[in-house]
Each structure stands twice: as structure tokens, then as C-alpha cells.
Trainee: 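Provided herewith is a single structure, encoded as C-alpha cells, for subsequent inquiry.
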Amino acid sequence: MGRVPGQETTGDHRLVAGVAVVAVLLTGGRWISHLHVGPLYVGDALLAGAFLLAVWTSALSGKRPGRLAGPGILVGLLLVITAMRLLDVQTDMPTAARDAAPYAYAAIAYLSAHSFQKVGARGRERTVRVIHCALLLHLGWMAVATLAPDFVATLPPVGNTRIFEIRTDFDVAVLGLLAGVSVLRLRPGWIWLHTSVAAATLVTALAQANRAGLISCCACVLVAVMFRAGRNGRITLRAVLLGALAVLSVLVVLPMSPAGQRLLALNAGPAASSELVESAQGTTRARLTAWERVVTYTLDDPVRTAVGVGFGPDFLQLSNGDLPIGRGMGVRSPHNYLVNTFARLGVIGLTVVVALLTSLVTVMVRTVRRGPPDELTSLCVLVVLSLLIVALLGVILESPFGATPFFWAAGVLLAGARSRRARLRQKPEQNTFVRSPQEVRV
């Protein structure tokens, strides 16, 4: 008999597969993803090891794999479209492979989805602990980089970056993730510890001048507060009040921080200086112009509109969309995941990605409305939320340090939702076979 969908193996204490690569990339972000030995980067090596370990463990077990819910057909369609466009490449295969890699990282959703359902409660707790330690390490080096930038400037380079160099949008989003986890882990006897970590995280985040990261950070804290306050499968008045209090507290501190001043500068508020106004509004105009040029270029040709330019061509330069962002800086993405997807994969690929993101948002909303789930599911909600926000305003899901944690967490959420629906469908079927005492007596 196969495994009942969603059934948990309580005796399995293994970690959820792929957590090692997620922990490493969340620890260092951009700079750690540039570590490599020869042509093999650390993230790719760990990801390949995770897949090989999963296959090896399954082969050694000698058991037929049970019926486990996967991440769904949309992830599979994205991988198929990516493979087909990659096979169509005629020249410059290394560049094409680099462009295709962020979409290929969606495969980790299958790894995390299946493993999430096979590990027990103890394994899930250990998985959360590993990621929490990674987030604490990330906070540590972020604090050093913020307080001692001159020291970071002396550290050795790694590729196009250097050790402890801050990538503000991604790193502030990860700080928001730690702040949310700290709220989730508030317990009697540990309140001051987690409160101190959350405070240090928010202070470090507010010191960075990045609007998308700050929005992501606030969203993580708000959702974590709602998870903590939700009861009996619904959002209570207490949850709403605590969420409002958290938002108001951030709004009070916001004008005093560099990131907050840049955010306020969009509306030219009184708290923003003329230099900040010009910088913030200039960045916004540049990105909007780049997005418009890329979309117009893609729509100018019916073939590009349908299937995109594929992998390899520098559509940003061909459309002159890189001029407002900065030509010659090596940028190949318009700082928006959906616009990048439309240009690379056309309407077909964009439809699949939008449907996938919509299903993820739906799962997250339902998870929040039901009340506090297990800690790993809550963590995955925060991972998807934080990275999705900054991906719409930066080059995040086009990079391995963003795409790998995102799709890993997405696999957990999608598989959990599908297995839950399978259990709900199964209950009425089971009840139809239960005979009443009167039927037995007859």
C-alpha cells in the first residue's frame, strides 16, 4: 500500500533535503554564491550533492516510493519550457546556461516537496534550527559590515564582489526573515533573547538604504505577528491590533533611517532631503523606463511575444533598456522578475510563472488565515514572501542565492497544501465505507 498523501513519518529525523544549500546561500547571499573551485560554484555543488544524496538514500532503502504530493504541474511546466528554450540555443552556450539556470533551480521544489512529507516532526524542527543558525550568522557579518565598512574593504575579493560585501535588497530581506522567525520563536524564558535578536535585526536593516528590502522586512514582521496572534483557524482582533501596533512602531522609526528616508523621498516628504528625493525618484524613473523599453521590444515581434528571446541574447541591451540603468555594468536583467520572464520566455512562460506565483500567494493567504501552522511551514511562508517582494524590484530570483531558497520553500508550501487537500478529499470517501451499528445488526 502506498503512503497516504500528507502522512508524516514520525520516526524519520532526517533534515528536509536541500536545506544545506539553502542555509549556505542565506548565510552569505551574493558573496558566498561566488565561492567556487574551478568551474563549480558552492551553491551548484551543494545542490547537486542534495539530489544525488536523495537518489542514493531512496535506492538504499529498497522501498517503493509512496504516493507523495509534488509541488504541482506549474513547476514542471516551467522546467519543460526552460529546457525547450535551452535546447534551441545555437551559440554561446555558457551565457545561455547562465541565463537559464535561475529557472532551472525550480527543480529543487521537487526535492523539498517530497522530503518535507517524509521527514518527521523532529526532522522538521532540526531543519528550522539549521536555517535559524544560518540567519544568525548572516546577521553577524551584516553587523560587522555595517559598523566597520573600512574593514570589509580590506577583505579578499570573490568574483565580482568581496567577502562580507552587502547586497542591500537581498540582505535586508534576509534580515526581515530573521526578524519574523524571532517573533515566531518567542516563548516563555526566551522572550528577551529573541526580542533582542529581532531588535538588532531591525536596526541593522534600517541602517541600509534599500526600499524594497525594507518593505520585505516589514511584511515579514507583520505576517509573523499575525501567525502568533491567530487562533482557531482565523485572524482574531488581537492579531489585527498587534499587527497594527507593529506597523505603527515601524512608521515611527522609519523617517530616522536611510532606507526610510529613501522610501519617503518617493513622495518628496518633508523628512527627505533634496539629494535623497533626486536619488530615489531617479532610480524609480530609470527602472520604469527600462521596463517599458523591454516590454515594447518584446511586443514588437510576434515570435518574441509568444516565446521570448530565449537564453543567451542580451535583450536589455538590444532594447536599450540598459541605458537608464547603466550600460557597461554587466546588468542583464531589468530589475523585475516578471519583466525578465516575459522577455526571456514570452507570454507562454510569463503565464506559467504568474500562475505559479498566484498559487503560492493563495497558499500563503490560506495558511495565515488558518492560524499558526508548524514552524517549518511558517518559515517557508516568510522565505517566499520576503524574496518575492524584492524580486519585483531587483535581480533576486535571477540569481542562485535568491532562486534556490525561494523554490525550496515554494516546494514545501505547495506540497503541504496539496497533501492537505488530499486528506480532506479522503475523509468523506473513508466515511462512506463505515457501516452504522444499525446496518451491522441487519
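When reading the values below, keep in mind they use all heavy atoms of this one structure, side chains included, and skip hydrogens, waters and symmetry mates.
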Trainee: Measuring only between side-chain heavy atoms, which start at C-beta, is Thr377 closer than 4.5 Å to Phe227?
Mentor: no

Trainee: Within the structure provided, determine whether Trp408 and Val16 are in side-chain contact (heavy-atom separation under 4.5 Å).
Mentor: yes

Trainee: Please walk me through it: do Leu345 and Leu78 pass side-chain contact (heavy atoms from CB on, under 4.5 Å)?
Mentor: CA-CA 10 Å; Leu345 303 177; Leu78 179 59; 4.2 Å; yes

Trainee: Run Val119 and Thr127 through side-chain contact (heavy atoms from CB on, under 4.5 Å) and show every step you take.
Mentor: CA-CA 10 Å; Val119 302; Thr127 300; 5.7 Å; no

Trainee: Under the criterion side-chain contact (heavy atoms from CB on, under 4.5 Å), I'd like the reasoning laid out for Val22 against Leu26: C-alpha separation, chi angles, the key distance, then a yes or no.
Mentor: CA-CA 6 Å; Val22 172; Leu26 288 178; 3.8 Å; yes

Trainee: Counting only heavy atoms not in Ile73, do more than 12 sit closer than 6.0 Å to its CD1 atom?
Mentor: no

Trainee: So how far is it from Thr305 OG1 to Leu299 CG, rounded to the nearest 0.5 Å?
Mentor: 4.5 Å

Trainee: Hey, does Pro94 have a side-chain heavy atom less than 4.5 Å from the side chain of Asp92?
Mentor: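 SC-SC contact between Asp92 and Pro94 confirmed.
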
Trainee: Please check if the number of heavy atoms outside Asn160 that lie under 6.0 Å from its CG is greater than 12.
Mentor: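 Incorrect, the count does not exceed 12.
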
Trainee: Could you tell me whether Arg344 sits above the aromatic face of Tyr103, with NZ or CZ closer than 6.0 angstrom to the six-membered ring centre and within 45 degrees of the axis?
Mentor: no

Trainee: Would you mind reporting whether Phe401 and Phe406 have side-chain heavy atoms less than 4.5 Å apart?
Mentor: no

Trainee: Against the six-membered ring of Phe170, is Arg30 placed for a cation-pi contact (under 6.0 Å from the centre, within 45° of the normal)?
Mentor: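 Output no; distance or angle outside limits.
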
Trainee: Check whether any side-chain N or O of Arg228 sits under 3.5 Å from a backbone N or O of Leu186 as a donor-acceptor pair, and report yes or no.
Mentor: yes

Trainee: Looking only at non-hydrogen atoms, find the nearest pair between Gly72 and Tyr110 and report the distance.
Mentor: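 Nearest heavy atoms, Gly72 then Tyr110: O-OH, 3.7 Å.
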
Trainee: Taking Arg304 for the side chain and Ala343 for the main chain, is one N or O donor matched with an acceptor at less than 3.5 Å?
Mentor: no

Trainee: Looking at Ala179 and Ala198, what are the two nearest heavy atoms and their distance?
Mentor: O-CB, 4.4 Å

Trainee: I'd like to know if Glu375 pairs up with Arg185 as an ion pair, taking the criterion as any Lys NZ or Arg NE/NH1/NH2 lying under 4.0 Å from an Asp or Glu carboxylate oxygen.
Mentor: yes

Trainee: Enter the distance from Leu46:CG to Leu25:CG here, rounded to the nearest 0.5 Å.
Mentor: 7.5 Å

Trainee: Can you confirm whether Val21 sits close enough to Ile108 that some side-chain heavy atom of one is under 4.5 Å from a side-chain heavy atom of the other?
Mentor: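 Counting from C-beta outward, Val21 and Ile108 do come under 4.5 Å.
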
Trainee: Work out which heavy atom in Ala113 is nearest to a heavy atom in Gly411; give both atom names and the distance.
Mentor: CB-O, 3.4 Å

Trainee: I need the Met142 CE to Thr204 OG1 distance, nearest 0.5 Å.
Mentor: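 Output value for this atom pair is 6.5 Å.
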
Trainee: Can you tell me how far NZ of Lys118 sits from OG1 of Thr57, rounded to the nearest 0.5 angstrom?
Mentor: 8.0 Å

Trainee: Please tell me whether Ser333 and Glu398 have a donor and an acceptor in their side chains that are separated by less than 3.5 angstrom.
Mentor: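 Indeed, the side chains of Ser333 and Glu398 share at least one donor-acceptor pair under 3.5 Å.
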
Trainee: Which is it for Leu379 and Arg124 under the side-chain contact (heavy atoms from CB on, under 4.5 Å) test, yes or no, and what are the steps along the way?
Mentor: CA-CA 11 Å; Leu379 173 63; Arg124 296 180 184 183; over 6 Å; no

Trainee: Indicate yes or no: at least one non-hydrogen side-chain atom of Pro156 is less than 4.5 angstrom from one of Arg162.
Mentor: no

Trainee: Do Thr351 side-chain atoms and Val347 backbone N/O form a donor-acceptor pair below 3.5 Å?
Mentor: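 Such a contact is found between Thr351 side chain and Val347 backbone.
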
Trainee: Locate the shortest heavy-atom distance separating Leu413 from Val363; write the atom from each residue and the value.
Mentor: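 Looking at all heavy atoms of both residues, the closest pair is O-CG1, 3.8 Å.
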
Trainee: Find the distance between CG (Leu135) and OG1 (Thr27) and round it off to the nearest 0.5 Å.
Mentor: 7.5 Å

Trainee: What I'd like to find out is whether the side chain of His36 reaches to under 4.5 Å of the side chain of Val42, using heavy atoms alone.
Mentor: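 No, too far: nothing below the 4.5 Å cut-off.
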
Trainee: Which pair of heavy atoms, one from Ala104 and one from Thr82, lies closest together, and at what distance?
Mentor: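 For Ala104 versus Thr82, the nearest heavy atoms are N-CG2, 4.3 Å.
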
Trainee: Decide if atom CD of Glu125 counts as having more than 12 heavy atoms of other residues, nucleotides or ligands within a radius under 6.0 Å.
Mentor: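 Yes, the 6.0 Å shell around CD holds more than 12 heavy atoms from other groups.
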
Trainee: So does Leu40 get a backbone contact from the side chain of Asp44, meaning a donor-acceptor N/O pair under 3.5 Å?
Mentor: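 Answer holds: no.
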
Trainee: Measure the CG-OG distance between Leu376 and Ser378 for me, rounded to the nearest 0.5 Å.
Mentor: 8.5 Å

Trainee: Applying the side-chain contact (heavy atoms from CB on, under 4.5 Å) criterion to Ser359, which one of Val361, Leu357, Leu356, Thr362 satisfies it?
Mentor: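 When side-chain contact (heavy atoms from CB on, under 4.5 Å) is applied between Ser359 and each of Val361, Leu357, Leu356, Thr362, only Leu356 qualifies.
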
Trainee: Taking all atoms of both residues into account, what is the closest heavy-atom pair of Ala205 and Val172, and its distance?
Mentor: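 Taking Ala205 first and Val172 second, the nearest heavy atoms are CB-CG1, 4.0 Å.
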
Trainee: State, with a plain yes or no, whether a side-chain heavy atom of Thr367 is found less than 4.5 Å away from one of Met364.
Mentor: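 A side-chain contact under 4.5 Å is absent here.
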
Trainee: Any donor and acceptor pair, going by atom type alone, linking the side chain of Thr161 with main-chain N or O of Val158 inside 3.5 Å?
Mentor: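 No; zero donor-acceptor contacts below 3.5 Å.
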
Trainee: Under 3.5 Å, which donor-acceptor pairs do the side chains of residues 382-395 form with other protein atoms, sequence neighbours left out?
Mentor:
unit_1 : atom_1 : unit_2 : atom_2 : d
Ser386 : OG     : Leu382 : O      : 2.9
Ser386 : OG     : Val383 : O      : 3.1

Trainee: Any side-chain to backbone donor/acceptor pair from Trp31 onto Gly28? Under 3.5 Å, distance only.
Mentor: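 Yes, because the side chain of Trp31 sits within donor-acceptor range (under 3.5 Å) of the backbone of Gly28.
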
Trainee: Let me have the donor-acceptor pairs involving side chains of residues 308-316, under 3.5 Å, with sequence neighbours excluded, atom names and distances please.
Mentor:
unit_1 : atom_1 : unit_2 : atom_2 : d
Asp314 : OD1    : Leu316 : N      : 3.4
Asp314 : OD1    : Gln317 : N      : 3.4

